[in-house]
Amino acid sequence: MEYEVVIGLEVHAELATQSKIYCNCTTEFGGDPNTHCCPICMGMPGVLPVLNKKVVEYAIKAGLATNCRIAAFSKQDRKNYFYPDLPKAFQTSQYDLPLCYDGHVDVEVDGLVKKIGITRIHIEEDAGKLLHDAWSGDTLIDYNRGGVPLIEIVTEPDMRSAEEVRAFFEKLKAILEYTGVSDCKMQEGSLRADVNLSVRPKGQAEYGTRTEMKNLNSIRAIVRAVESEAKRQISEIEYGGMIVQETRRWDDAKGESYSMRSKEEAHDYRYFPEPDLCPIEVDENWMKDIQASIPELPDARRKRYIQDYGIPEYDASFITASKDLADFFEEAAKSGDNIKAISNWIMGDLSKKLNDNNLEPSQIPFCPEHLSKLVGLIDSNIISGKIAKQVFDFMWDTGKDPADIVEEKGLRVVTDTDAIRGVVLEVLQANPKTIEDIKKGKAKSIGFLIGQIMRETKGKADPQTVRSILTEELEKY
Ligand code: ADP
Ligand code: MG
Ligand code: ZN
């Protein structure tokens, strides 16, 4: 039997506002526990929330950038549940009248464009954080995150594979970054996703029963969770079992999920309209202003890069997936003329460094001009491609100008023919057997000699000069 996987996401993004959703406390990440809070965000009795206008503005921005309709009238509701990280015993959210609805995001997988529906985007507040101290057995609570504004983006069950989920999530993340709505730092929990997944026999019209995996905080974890849960459900059905609607926790270290609670144990949140906050009415002119403030989005940028810079579609997609990377590329391109080489460095060595060091493109430790300068040094034959990798490492570690690094470290290509000839003669003298082989027709051995010469010159000899001098000298034997 062939199965089809069906996936819908609920994505939470912390908004990049300065202050919290209902008070003036800072939204800054970290800080000593319980130093970013006040009676309002700690839910003391008798306090009154005041909605932060920026929160509405950012949510509308996210809505417009994902082709949503914006509700002229919406309201906030109490979602009642008790949990120690939520001292009010209810979360202020939006229930039946969300701020944005009925949108979509286009994603491309295997050359095909697919529309992923956005059911709704609503605003809500984040909860505090529980810290379980394994040593003492105590649980400590940090309310700094309580009241940090969130948007929840709910998709239609429109995705059919892990690749589509990845493409959608990356696109959504890029849109949120480009619009400045969220910093999207997944390692700090600014962006996280719940994965809803079901399977059904291919061709069946009705959806199967779904499970939900909550709070996945890396793209890798999302993709792995999708693949693993699809497999688990299919094998469950194949062995005659049934899928129960439940919440599962994904353990990324183990690479498996386990059941947390079933639908029967699910909360009844008893939503009701928040009486302390008035409804949100969005003025037409305000919406136009917000629309006008939306910058060029990833798709438009990608097309522009292909047209204006002549880089391949693949490169343009890769680079524009991150706004910071795209900004870096654009700056570098301004001061360089070998754009494709700049793109190659960004996709290759630079991205690898970022990954290896678990850094975001905003944290690249050297400036874009230095990358185009590095490319210029290679193109004007001042350093070899191999040495350039070393220079790149120094740039990464020190932030210094590559031209200065080359001078300081004496990394210039040696084109001085006398110096190179000296090394060639030394190497030839040390390898009579290889010369014999070459004379007998084993042309491959020339490569071995070149390798020796390059090693002697620490990779700095100009390869072309080496080759021609070596050929010259070999003829004398
Ligand atoms: P709830 O409010 O209980 O979380 P929703 O109906 O709002 O439920 O759906 C939440 C998410 O689950 C949405 O992203 C939706 O696309 C997804 N979803 C709903 N039904 C299915 C299904 N059968 N298979 C996969 N995903 C589903
Ligand atoms: Mg849900
Ligand atoms: Zn506060």
Side-chain angles (χ1 to χ4, degrees), residues 3-12 17-28 31 34-44 47-52 55 77 79 81 87-88 91-96 98 101-105 115-122 124-128 142-149 152-162 164-165 168-169 172 193-201 204-216 222 225-226 229-230 233-234 243-248 261-269 271:
Y3 292 89
E4 182 175 55
V5 184
V6 173
I7 307 133
L9 297 182
E10 293 161 276
V11 179
H12 284 94
T17 56
Q18 300 270 303
S19 55
K20 291 187 178 178
I21 186 167
Y22 301 122
C23 62
N24 279 330
C25 293
T26 177
T27 55
E28 204 181 306
N34 300 308
T35 55
H36 296 172
C37 31
C38 72
I40 294 176
C41 55
M42 291 180 73
M44 297 293 171
V47 295
L48 285 175
V50 177
L51 179 60
N52 180 346
V55 169
D77 301 274
K79 181 181 185 182
Y81 64 99
K88 297 190 296 186
Q91 179 191 30
T92 311
S93 180
Q94 295 193 285
Y95 182 50
D96 53 340
Y101 58 98
D102 215 2
H104 65 89
V105 167
K115 233 183 211 48
I116 308 298
I118 304 287
T119 316
R120 56 185 280 160
I121 300 179
H122 67 253
E124 60 186 28
E125 60 185 336
D126 211 342
D142 176 6
Y143 289 119
N144 283 354
R145 198 178 64 180
V148 167
E152 178 174 334
I153 301 158
V154 182
T155 79
E156 291 292 302
D158 284 347
M159 286 159 274
R160 295 289 177 272
S161 67
E164 286 185 16
V165 171
F168 169 76
F169 193 84
L172 182 66
D194 304 343
V195 172
N196 296 274
L197 186 146
S198 64
V199 298
R200 62 179 169 188
Q204 179 184 303
E206 312 84 64
Y207 290 133
T209 305
R210 76 172 194 269
T211 62
E212 179 172 6
M213 290 175 289
K214 282 201 176 290
N215 278 326
L216 297 165
I222 293 169
V226 166
E229 179 62 8
Q233 288 190 14
I234 290 170
I243 303 302
V244 285
Q245 191 171 339
E246 62 182 356
T247 304
R248 300 179 68 85
R261 58 170 185 260
S262 69
K263 194 72 184 173
E264 286 75 55
E265 303 162 58
H267 299 282
D268 177 355
Y269 295 117
Y271 280 99

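Whatever order the structure lists ligands and atoms in, that order sets their numbers, starting from 1. FYI, side chains are in, hydrogens and waters are out, and symmetry mates aren't considered; it's all heavy atoms of this structure. What you see is a predicted model; the values in this text were computed from it and never measured.
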_Tell me the contacting part of Thr209 for ligand 1: side chain, backbone, both, or neither, using a 4.0 Å heavy-atom threshold, strictly below._
neither
*Leu197 N/O under 3.5 Å from ligand 1 N/O*: no
*With respect to atom 1 (P) of ligand 1, which of Met159, Arg120, Arg210 exhibits the smallest heavy-atom separation?*
Arg210
*Would you mind checking if Arg248 and Glu212 are paired as a salt bridge, meaning a charged N to carboxylate O distance below 4.0 Å?*
no
_So, 2.8 Å as the limit: is an N/O/S atom of Cys37 located closer than that to the Zn ion (ligand 3)?_
no
*asked:* Looking at non-hydrogen atoms alone, which of Gly208, Gly117, Ser198, Pro157 comes nearest to atom 24 (N) of ligand 1?
replied: Ser198
_Asp158 to Ile116 - nearest heavy-atom pair and separation_ = OD2-C, 3.9 Å
_Does Gln233 form a side-chain hydrogen bond (donor to acceptor under 3.5 Å, both in side chains) with Thr211? I'd like the steps, not just the answer._
CA-CA 9 Å; Gln233 288 190 14; Thr211 62; 3.2 Å; yes
*Of the backbone atoms (N, CA, C, O) and the side-chain heavy atoms from C-beta on, which set of Asn196 has a member under 4.0 Å from an atom of ligand 1: side chain, backbone, both, or neither?*
both
*Do the side chain of Asp77 and the main chain of Gln94 share a donor and acceptor less than 3.5 angstrom apart?*
no
*asked:* Can you see whether Glu124 engages His12 through a side-chain donor-acceptor pair at a distance of less than 3.5 angstrom?
replied: yes
_Check this for me - ligand 1, Val154, N or O atoms closer than 3.5 angstrom, yes or no?_
no
*Report yes or no: do Thr209 and Gln245 form a side-chain donor-acceptor pair below 3.5 Å?*
no
*Per-atom contacts of ligand 1 with Glu156, taking only distances under 4.0 Å to non-hydrogen atoms*: 16 (O)
_Ligand-side contact atoms (ligand 1) for residue partner Leu9, heavy atom cut-off under 4.0 Å_ = 14 (O)
*Does Tyr207, backbone or side chain, put an N or O under 3.5 Å from an N or O of ligand 1?*
no
*So which of Leu9, Leu197, Leu216 actually passes side chain to side chain contact (heavy atoms under 4.5 Å, CB included) with Val226?*
Leu197
*Mark yes or no: Lys79 above the aromatic ring of Tyr269, with NZ or CZ under 6.0 Å from the six-membered ring centre and no more than 45 degrees from the axis.*
yes
*Considering only heavy atoms of Val6, which atoms of ligand 1 have at least one such atom less than 4.0 Å away?*
24 (N), 25 (C)
*Presence of N, O or S from Cys25 under 2.8 Å of the Zn ion (ligand 3)*: yes
